[in-house]
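We're numbering straight along the sequence, starting at 1.
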Amino acid sequence: SAGLELSVNNHAADFSLTTLPGLTVSLSCLVQNSSQPEELLWYRGAGKVDLKDGNKVNISNICISPVTESDNGVTFTCKLARDKSVQVSVIMDVQFPPQLAGEESLQIEEDKDVTLTCHAKSNPQAQTTWYKNNTTLTLQQNRHQLYQTSEVFQLSINKVQKSDKGTYTCVVNSTLGEGRKDFHLIVEDKKPVFPKEAVIAAVVVVTLTVLFGIVARKDKIFKVWKALVSYKKYNIVFL
């Protein structure tokens with residue numbers, strides 16, 4: 001295979017192909033400097049693509065139709081069958097705006113922590129802004145934390161207060177558009193908490209009081225019990 005080269009869509013080296021969802025992309029692989037028929041192979045990632053006879057020798061074409069968001073970042077590679085080191089790869093750059101919509105209601109007890117989460121995929125990567133009641137949210141140190149990855153955008157509020165109630169909006173922007181989601185935060189009154197120690201102590205006191213009462217009156221209880229036993233015996237003899 002010395003001297004043999006491949007080209008895909010006239011590119012002799014690896015390249016990136018930018019496209020949009022819904023379109024059709026054709027990739028054509030051609031053997032350069034061939035003196036004999038050469039079989040070609042196509043791969044999508046690590047998976048081999050099935051090719052029809054007549055579409056394998058010296059030139060081979062594949063079609064991606066329609067392009068979807070799942071094709072973003074996928075590598076398509078054309079290889080020489082008898083020497084797989086001879087190859088050219090195409091990295092799909094499928095661009096699409098953020099896909100985010102809808103609303104969600106959350107009820108949280110006062111003094112508890114809450115996290116609002118937006119899941120939004122986009123390419124190119126988007127940036128997010130948080131609003132409260134249609135006004136840019138002013139972040140408070142030690143109370144608000146932001147977390148962001150390529151697909152997850154989170155706002156955490158520590159020790160929620162009554163003043164935190166309202167509508168929070170996650171707005172995700174990219175060069176291709178924006179998406180948004182509303183969170184209606186309802187802050188409930190803090191529920192009274194009974195200390196475990198006090199409850200345990202009360203149970204112990206009641207239990208001990210009952211036991212001491214039984215011990216203090218054991219003689220009287222014993223006499224009553226003996227009287228009941230004697231009464232039952234007498235009734236049995238009488239009958």
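Between the side chains of T117 and Q154, at least one donor N or O sits under 3.5 Å from an acceptor N or O. Side-chain contact, T75 with T77: no donor N or O sits under 3.5 Å from an acceptor N or O. No side-chain donor from either of T135 and N133 sits under 3.5 Å from a side-chain acceptor of the other. For S7 and Q32, the side-chain atoms include at least one donor-acceptor pair closer than 3.5 Å.
Judged by distance alone, with hydrogens and angles left aside, the side-chain atoms of D164 form a donor-acceptor pair with the main-chain N or O of Q161 at under 3.5 Å. With hydrogens and angles ignored, the 3.5 Å screen pairs a side-chain donor or acceptor of D14 with a backbone N or O of S89. N72 contributes no side-chain N or O that, together with a main-chain N or O of E69, makes up a donor-acceptor pair within less than 3.5 Å. Under a 3.5 Å cut-off, the side chain of T149 and the backbone N or O of V152 do form a donor-acceptor pair. Side chain of S60 to backbone of N55: a donor-acceptor contact under 3.5 angstrom is found.
To the nearest 0.5 Å, the span separating CG on L155 from CG on L137 amounts to 6.0 Å. Here the straight-line distance linking atom CD1 of I59 with atom CG of L6 works out to 11.5 Å at 0.5 Å rounding. The CZ atom of R180 sits 10.0 Å away from the OG1 atom of T129 when rounded to the nearest 0.5 Å. Residue D113 holds its CG atom at 4.5 Å from CG of N158, rounded to the nearest 0.5 Å.
At a threshold of 4.5 Å between non-hydrogen side-chain atoms, the residues L27 and L17 count as touching. Between Y168 and I157, some side-chain heavy-atom pair lies under the 4.5 Å cut-off. Contact annotation: the side chain of N61 never approaches that of S26 to less than 4.5 Å [non-hydrogen atoms, C-beta and beyond]. Residues T169 and F183 are not in side-chain contact: their nearest non-hydrogen atoms beyond the backbone lie 4.5 Å or more apart. Annotation: side chain of L20 is not in contact with side chain of F96 (no heavy-atom distance under 4.5 Å).
Applying the disulfide (SG to SG under 2.5 Å) test to residues at least two apart or on different chains, none of the pairs has a partner in residues 82-112.
The existence of a salt bridge linking E110 and K112 is excluded, since no basic side-chain nitrogen approaches an acidic carboxylate oxygen closer than 4.0 Å. Ion pairing between a basic and an acidic side chain is recognised when a charged N comes within 4.0 Å of a carboxylate O; R82 and E38 show such pairing. Between E103 and K181 there is no salt bridge, since none of the side-chain N atoms of the basic residue sits less than 4.0 Å from a carboxylate O of the acidic one. Here K190 pairs with D111 in a salt bridge; the nearest charged N to carboxylate O distance falls below 4.0 Å.
Shown here is K52, whose NZ atom has no more than 12 heavy atoms of other residues, nucleotides or ligands within 6.0 Å. Heavy atoms from other residues, nucleotides or ligands lying under 6.0 Å from NZ of K132 number more than 12.
Listed by chain and residue number, H11 satisfy the ring-ring contact (aromatic ring centres under 6.0 Å, His included) test with F15 (two or more places apart in sequence, or in another chain).
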